[in-house]
Amino acid sequence: MSSITILGCMWGDEGKAKIVDFIGAEADVVARFQGGANAGHTIVLEDKKYIFHTVPSGILYPETKCVIGAGTVIDPYGLRDEMESLIAQGIDFTNRLFIDDRAGLVLSLHRQLDQKSEENLGAGKIGTTGKGIGPAYSDQAARCALRIGDLRYPEWLEQRLDNFYKYHQITLSASERKEELESLLEVGKFFQPYIAQTDQMLRNWYREGKSILFEGAQGTLLDLIYGTYPFVTSSHTVSGGVCIGTGFPPRWLDNILGVFKAYTTRVGAGPFPTEIEGPLADQIRQKGNEFGSTTGRPRRIGWFDAVAAQYSASLNGIDSLAITLLDVLTGLPELKICTSYLKHNQKLPGFVTHPIELKEIQPEYLTLPGWDIDISKMQKWDTLPKEAKQYLEAIQDLLKLPVKIVSVGQDRRQTIVNK
């Protein structure tokens, strides 16, 4: 029996899905533990692109079981569309996908509230995807949220829906109320075969010796508590979120793999100490296709931030590293890694999370030579150019953790395992 947790360790978009897909070949179960359709995972398999928002990307393996845990929030219509699209592409969900009955629902009002909140904040907006994730999690804390298991009980669903709108001080007309109830009951029939109490299933599978892979969405620096608040998501993206989101015991988290890009990106507002602007940022953005899978927004680009990475690795108890998109840096004459933060010319002891402090710091950089050799077809560590190995070794030394996986392209085959 074993478990591995794969976490994005910066501001999301680290290429987690590629790593989950690569390691998923050895997993019996892949479980998603937090977030909603605000996440976008892109996988390229044999030149065919798959984009996931809620379905665990392990579904591409025909024998792998997939779990959407209680810590997620689900847009039922969006998830149905996603599943139907994958079914049309030949993906079979029968006895393979299990959705915890306690997962929260994202309703149309949540999207309206999300978008209105961003509009009201104006220049101070968070930069959310507008998918209603924050309001859906807020309603869970307020105990007025609906959960996917409610869709199985018409009278209970009707009562909960009335309470939901009463909490938000909204009165529906009789026809609006009828239409929403009927729509929810209809989509509930679609999900009926997939709804289960997945926490017990996961614990049983582990005891039976199954290999379980936990898949995170977003990244550590977007954690609701430990991220760069308030410019964060609405769930727990750190390793502890696995246990909250799936009911899996903490002492059974056997191995935690942290995923980092070879550079850093961020979507939306918030401080970004190593941000690069201008032609160089545009070059990296275009080469790395740094545009959101969910929104299409261009991502902000920065140098690798070892200070933030050290914080993330320590917070999560990371065992080893996966470095993605190394090939994107090919052709740059020199590369930089932020090794420390300076404030008033004084070196700070480590990462700071308050946005005022993050805006005030100056990054101190280690500069390394780049490489010109195409590495996208290399499959062994020893074949990498010495400059690429020096760059990876610098990250290992700064984080005091081994780089076990290096991604040099989008395809599953473009992956180096450092043994």
Side-chain angles (χ1 to χ4, degrees), residues 2-20 22-23 26-27 213-216 218-223 226-227 236-242 250-265 273-274 302-329 335-341 347-353 363-366 368 375 380-382 384 386-408 415-419:
S2 65
S3 71
I4 182 169
T5 302
I6 298 179
L7 299 176
C9 290
M10 298 298 277
W11 282 285
D13 308 309
E14 298 92 350
K16 298 177 292 295
K18 156 77 183 285
I19 304 303
V20 169
F22 182 74
I23 295 178
E26 307 298 325
L213 188 157
F214 293 102
E215 173 185 17
Q218 290 89 36
T220 292
L221 300 183
L222 294 176
D223 184 84
Y226 296 102
H236 296 295
T237 59
V238 295
S239 55
V242 174
R251 63 190 180 93
W252 289 355
L253 297 181
D254 298 318
N255 189 287
I256 302 175
L257 177 68
V259 184
F260 296 85
K261 268 180 185 160
Y263 49 97
T264 309
T265 61
T274 65
W303 295 116
F304 189 90
D305 188 338
V307 179
Q310 288 164 348
Y311 166 78
S312 179
S314 175
L315 180 64
N316 288 304
I318 297 296
D319 295 298
S320 58
L321 311 173
I323 304 298
T324 62
L325 289 99
L326 184 67
D327 54 300
V328 174
L329 299 181
L335 307 171
K336 294 182 178 181
I337 297 176
C338 173
T339 58
S340 58
Y341 287 174
K347 188 178 291 189
L348 298 178
F351 187 69
V352 292
T353 58
E364 186 173 51
Y365 288 109
L366 167 68
L368 296 167
I375 64 172
K380 293 184 178 180
W381 180 279
D382 291 341
L384 288 170
K386 67 176 183 179
E387 295 86 357
K389 286 187 282 190
Q390 287 173 353
Y391 186 74
L392 294 170
E393 287 162 359
I395 292 173
Q396 287 187 135
D397 292 343
L398 288 163
L399 271 60
K400 297 181 175 57
L401 290 167
V403 173
K404 289 295 183 72
I405 295 174
V406 181
S407 174
V408 293
T415 311
I416 296 169
V417 177
N418 182 18
K419 298 181 180 179

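If you're wondering where the values come from, they're calculated on a predicted model, not measured in any experiment.
- A salt bridge links Glu364 with Lys347: the closest approach of a Lys/Arg side-chain nitrogen to an acidic carboxylate oxygen falls below 4.0 angstrom.
- Distance CG/Leu368 to CD/Glu387: 10.0 Å, rounded to 0.5 Å.
- The side-chain contact (heavy atoms from CB on, under 4.5 Å) test with Ile256 singles out one residue from Ile4, Leu7, Val242, and that residue is Leu7.
- By the side-chain hydrogen bond (donor to acceptor under 3.5 Å, both in side chains) test, Thr265 pairs with Lys261, sequence neighbours left out.
- Under the side-chain hydrogen bond (donor to acceptor under 3.5 Å, both in side chains) criterion, Gln390 pairs with no residue at all, not counting sequence neighbours.
- Of the candidates Asn418, Val406, Val403, Val259, Val403 is the only one forming a side-chain contact (heavy atoms from CB on, under 4.5 Å) with Leu321.
- By the side-chain hydrogen bond (donor to acceptor under 3.5 Å, both in side chains) test, Thr415 is found to be paired with Lys18, residues two or more places apart in sequence or in another chain being considered.
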Return all side-chain donor-acceptor pairs below 3.5 angstrom for residues 302-315, not counting sequence neighbours, or 'none' if the list is empty.
from   : atom 1 : to     : atom 2 : distance (Å)
Asp305 : OD1    : Val307 : N      : 3.1
Asp305 : OD1    : Ala308 : N      : 3.1
Asp305 : OD1    : Tyr341 : OH     : 3.4
Asp305 : OD2    : Tyr341 : OH     : 2.6
Gln310 : NE2    : Leu398 : O      : 2.8
Tyr311 : OH     : Tyr226 : O      : 2.7
Ser312 : OG     : Cys9   : O      : 2.8
Ser312 : OG     : Thr220 : OG1    : 3.4
Ser312 : OG     : Asn316 : ND2    : 3.4

field: side chain to side chain contact (heavy atoms under 4.5 Å, CB included) evaluation trace for Leu392 with Trp381
entry: CA-CA 10 Å; Leu392 294 170; Trp381 180 279; 3.6 Å; yes

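- Partners of Glu393 by salt bridge (Lys or Arg N to Asp or Glu O under 4.0 Å), not counting sequence neighbours: none found.
- A search for side-chain hydrogen bond (donor to acceptor under 3.5 Å, both in side chains) contacts involving Ser320 returns nothing, not counting sequence neighbours.
- Under a cut-off of 6.0 angstrom, the local environment of NZ in Lys389 is crowded, with over 12 non-hydrogen atoms contributed by other residues, nucleotides or ligands.
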- prompt: Would Tyr263 and Leu329 satisfy side chain to side chain contact (heavy atoms under 4.5 Å, CB included), going step by step from the backbone distance to the final call?
  reply: CA-CA 8 Å; Tyr263 49 97; Leu329 299 181; 3.8 Å; yes

